[in-house]
Amino acid sequence: MSYTGLAGAANAALAKQGEQLFRQNCIFCHQEDGVGKPGLAPSLTNPELLSIASDSFFERTIHDGRVGTAMPPFAHLSKDKIQAIIAYLRSFAKRPSRAAEVDAQPAAKGDVKLGKQRFKEICSTCHGVNGEGYAAGGSGTAIGKPGFLGKVSDGFIRTTIKEGRSNTPMHGFTGSNGLANLSDREIDDIIVYLRTLNK
Ligand code: HEC
Ligand code: HEC
């Protein structure tokens with residue numbers, strides 16, 4: 001291990017504590033090293049998620065869980081313990097954080113009807129016709145529910161659609177390697193539609 005100074009050592013100790021807490025509370029669903037398992041729980045250690053998710057997103061998601069999904073609330077864990085878990089997850093990061101930049105992106109503007117049509121054609125197979133997630137039988141998470149929509153920026157959704165999540169069934173939807181090559185406008189149409197589901 002290289003010498004990282006006091007701050008680095010404190011961080012490593014925090015991540016170590018977080019690893020233990022992760023093993024006790026999360027691994028059953030999110031698996032060893034947080035790699036996830038489609039249909040059971042998403043990956044928490046892929047580079048795309050780690051680079052766009054703010055600490056606040058992680059904190060609130062872990063604290064509140066996601067109502068109407070299998071992700072339970074961990075409100076009984078202290079703020080320090082949740083911070084330790086986040087430090088552990090961050091130890092897998094391969095890219096610098098872009099969370100502030102991504103969250104500052106402009107809100108999506110688009111056509112709800114076109115977005116709905118495109119969502120049904122492309123996204124519903126995995127995420128469910130109303131974005132209900134695993135309950136619909138696919139591999140995708142509940143992106144039509146408030147547990148997700150209430151905690152993410154349009155930039156977070158936009159970047160995820162564009163880049164996907166490595167080593168999961170969520171491939172990016174831009175470029176020729178994507179499941180579909182969507183334009184920025186088409187992606188924004190979908191985001192505007194998703195926002196109508198947050199009731
Ligand atoms: C082949 C299946 C599949 C298709 C098609 C698909 N997704 Fe996904 N999507 C996933 C999976 C699986 C995940 C979670 C990744 C994981 O398991 O770690 C995900 C994650 C996401 C997330 C992040 C959700 C979160 O909980 O953080 C968003 C946003 C998203 N998808 C949007 C879309 C949109 C919009 C479309 C259509 C353009 C789409 N996806 C099409 C499988 C799919
Ligand atoms: C009983 C299974 C289960 C347990 C235990 C569990 N989770 Fe989850 N978690 C899920 C599911 C399922 C989802 C996706 C819910 C959805 O469809 O939106 C999720 C989603 C998440 C997300 C959002 C990821 C994303 O891609 O947006 C985070 C962060 C998370 N969990 C962290 C944790 C942490 C940390 C723990 C332990 C303290 C934990 N989870 C324990 C099932 C679980």
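Each ligand, and each atom within it, is numbered from 1 in the order the structure gives.
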Seminar exercise, completed: For I190, the ligand 1 atoms with a heavy-atom partner under 4.0 Å come out as 35 (C), 38 (C)
Exercise. For R66 and ligand 2, does the shortest N/O to N/O distance drop below 3.5 Å?
Worked result: yes
Exercise. Between I143 and ligand 2, which part of the residue brings a heavy atom under 4.0 Å of the ligand: side chain, backbone, both or neither?
Worked result: neither
Exercise. R165 near ligand 2, heavy-atom distance under 4.0 Å?
Worked result: yes
Exercise. Closer than 4.0 angstrom: is that true for some heavy atom of G133 and an atom of ligand 2?
Worked result: no
Problem set entry | Test item: side-chain donor near acceptor, S166 and E48, under 3.5 Å | yes
Exercise. Is the distance from atom 8 (Fe) of ligand 2 to some N, O or S atom of C26 under 2.8 Å?
Worked result: no
Exercise. Where does the angle between the aromatic ring planes of F92 and Y88 fall among parallel (under 30°), tilted (30 to 60°) and perpendicular (over 60°)?
Worked result: perpendicular
For this session: Report yes or no: does a heavy atom of F28 sit under 4.0 Å from some atom of ligand 2?
Result: no
Exercise. Does F148 approach ligand 2 within less than 4.0 angstrom via side chain, backbone, both or neither, non-hydrogen atoms only?
Worked result: neither
For this session: Show your reasoning for whether side-chain contact (heavy atoms from CB on, under 4.5 Å) applies to L21 and Q24.
Result: CA-CA 5 Å; L21 289 162; Q24 284 160 13; 3.9 Å; yes
Exercise. Judged by non-hydrogen atoms, does I86 sit under 4.0 Å from ligand 2?
Worked result: no
Exercise. Hey, looking at atom 1 (C) of ligand 1, which of G164, C126, G36 has the closest heavy atom?
Worked result: C126
Exercise. Under 4.0 Å from ligand 2, counting heavy atoms only, is it the side chain of A53, its backbone, both or neither?
Worked result: neither
Exercise. Under a 4.0 Å heavy-atom limit, does P169 contact ligand 1 with its side chain, its backbone, both, or neither?
Worked result: both
Seminar exercise, completed: Going by the 4.0 angstrom heavy-atom rule, the piece of P42 near ligand 2 is side chain
Problem set entry | T61 near atom 8 (Fe) of ligand 2: N/O/S under 2.8 Å | no
Exercise. Does G147 come within less than 4.0 angstrom of ligand 2, counting non-hydrogen atoms of the residue?
Worked result: no
